[in-house]
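Letters A, B, ... are given to chains in the order of the sequence lines, protein chains preceding strands, and every chain is numbered from 1.
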Protein chains: 2
Amino acid sequence: MQTLTVGQLAKQAHVNLETIRYYERRGILPEPPRRESGYRQYPPEAVERIRFIRRAQELGFSLKEIQELLSLRVDPGTTSADIKKRAEAKLADIDTKLRDLNRMKTALTKLTVACRGRGPTSECPILDALELPMD
Amino acid sequence: MQTLTVGQLAKQAHVNLETIRYYERRGILPEPPRRESGYRQYPPEAVERIRFIRRAQELGFSLKEIQELLSLRVDPGTTSADIKKRAEAKLADIDTKLRDLNRMKTALTKLTVACRGRGPTSECPILDALELPMD
DNA sequence: ATAGACCCTGTACTTAGGTACGAAGTCAAG
DNA sequence: CTTGACTTCGTACCTAAGTACAGGGTCTAT
């Protein structure tokens with residue numbers, strides 16, 4: 001099958017059909033060609049495009065950031081140096097996120113190790129660390 | 001010091017005053033005693049309570065999860081093992097995110113290295129890769 | 001005793017990222 | 001040629017986590 005309908009694309013990309021229309025409204029997904037009837041006709045690569053968007057999102061990038069990255073290409077004044085700069089900025093973002101997550105991990109790990117997992121909650125170091133009762 | 005008004009609490013905990021009321025509505029912050037006038041009177045520990053909430057948020061817990069965590073403590077049947085299980089589940093979430101981020105970092109790093117940063121965008125390997133899966 | 005800062009409640013608005021719905025048009029199988 | 005699944009658009013609705021009033025009451029320093 002050469003082209004996909006919006007429903008087929010939704011299934012293959014594992015997203016809601018409405019999400020695709022939403023992405024199109026947001027300008028994140030380019031408007032595909034249409035049939036005479038107005039039905040959208042997606043090339044198979046659209047599946048990968050959507051998967052890319054979802055992955056980037058899962059890694060903490062907002063749709064707006066993704067949009068910016070994608071829209072750079074459309075601008076005829078953009079050089080590959082611009083793109084590279086953008087990618088390097090994203091890389092710095094990723095490093096920040098990695099540091100934050102590692103900090104969280106360390107903190108939580110310490111707490112779960114300290115917690116023997118026995119006895120009443122009154123002796124749980126996790127709650128002790130997180131909570132100071134106020135009543 | 002003794003007790004704090006909501007405004008003082010907000011300042012000391014570095015949150016918006018409305019956020020405090022919001023937490024109270026959500027049941028995350030217990031309702032404090034009131035003066036005759038209806039003014040909230042917070043004990044100084046309330047500052048720590050709010051910091052706890054923010055810390056837990058930073059550790060990746062949503063307000064809903066924090067709420068659940070707090071209500072676990074109230075339930076006399078809860079053991080510290082239950083709490084530990086929750087923390088460990090969160091830890092697994094964090095690990096997943098770390099793996100994904102590292103995968104993304106590797107991919108993006110490769111691309112920025114491959115990109116000479118010169119010439120038109122049509123020759124930029126970073127943009128080429130946007131159309132493709134990034135694993 | 002009054003100005004100005006603070007607090008009360010309730011409601012509405014915000015941003016992000018979707019989801020759902022209704023009325024109408026289209027496609028393909030039987 | 002009908003039926004049922006699919007698509008169109010526009011608009012409305014949703015959750016999370018706040019934030020911003022408005023219209024009133026209270027507190028405190030002068």
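Taking for each of A:S62 and B:G7 the nucleotide of DNA chain C with the nearest heavy atom, the 5'-most of the two is the partner of B:G7. Comparing B:Y39 and A:K11, the nucleotide of DNA chain D nearest to each residue sits closer to the 5' end for A:K11. Closest-nucleotide positions on DNA chain D for B:K64 and B:S37 were compared, and the one nearer the 5' end corresponds to B:K64.
Put simply, the side chain of A:V47 reaches to within 4.5 Å of the side chain of A:L4, judged on heavy atoms. When side chains are defined from C-beta on, B:E88 counts as touching B:K84, because their heavy atoms get closer than 4.5 Å. With a 4.5 Å cut-off on side-chain heavy atoms, B:E65 and B:K90 count as touching.
For the side chain to side chain contact (heavy atoms under 4.5 Å, CB included) criterion with B:L101, the lone passing option out of A:D95, A:L98, A:N102 is A:L98. Just one of B:R35, B:E24, B:E31 meets the side chain to side chain contact (heavy atoms under 4.5 Å, CB included) condition when paired with B:R40; it is B:E24.
Using a 4.5 Å cut-off between side-chain heavy atoms of Ile, Leu, Val, Met, Phe, Trp and Tyr, with links allowed through other members, A:Y23 and A:Y39 fall into different hydrophobic clusters. Follow the hydrophobic side-chain contacts under 4.5 Å out from B:V15 and you reach B:Y42 in the same cluster.
Taking CD1 of A:I66 as the start and CZ of A:R54 as the end, the distance is 9.5 Å to the nearest 0.5 Å.
Near DNA chain C, defined here as any heavy-atom distance below 4.0 Å, the residues from residues 12-25 of chain A are A:N16, A:E18, A:T19, A:Y22, A:Y23, A:R25, listed numerically.
Heavy-atom contacts of chain A under 4.0 Å fall on DNA chain C between two terminal nucleotides, which in 5' to 3' order are C:dG17 to C:dC27. Protein chain B contacts DNA chain D over a range whose 5' and 3' limits, counting nucleotides with an atom under 4.0 angstrom from a non-hydrogen atom, are D:dA17 to D:dC27.
Using a 4.0 Å heavy-atom distance criterion, B:Q57 is classed as a sugar-phosphate-only contact.
In this structure a side-chain-to-backbone donor-acceptor pair under 3.5 Å is present from B:Q67 to B:R26.
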Run A:R103 and A:D100 through salt bridge (charged side-chain N to carboxylate O under 4.0 Å, His left out) and show every step you take. CA-CA 5 Å; A:R103 195 165 45 71; A:D100 288 351; 3.7 Å; yes

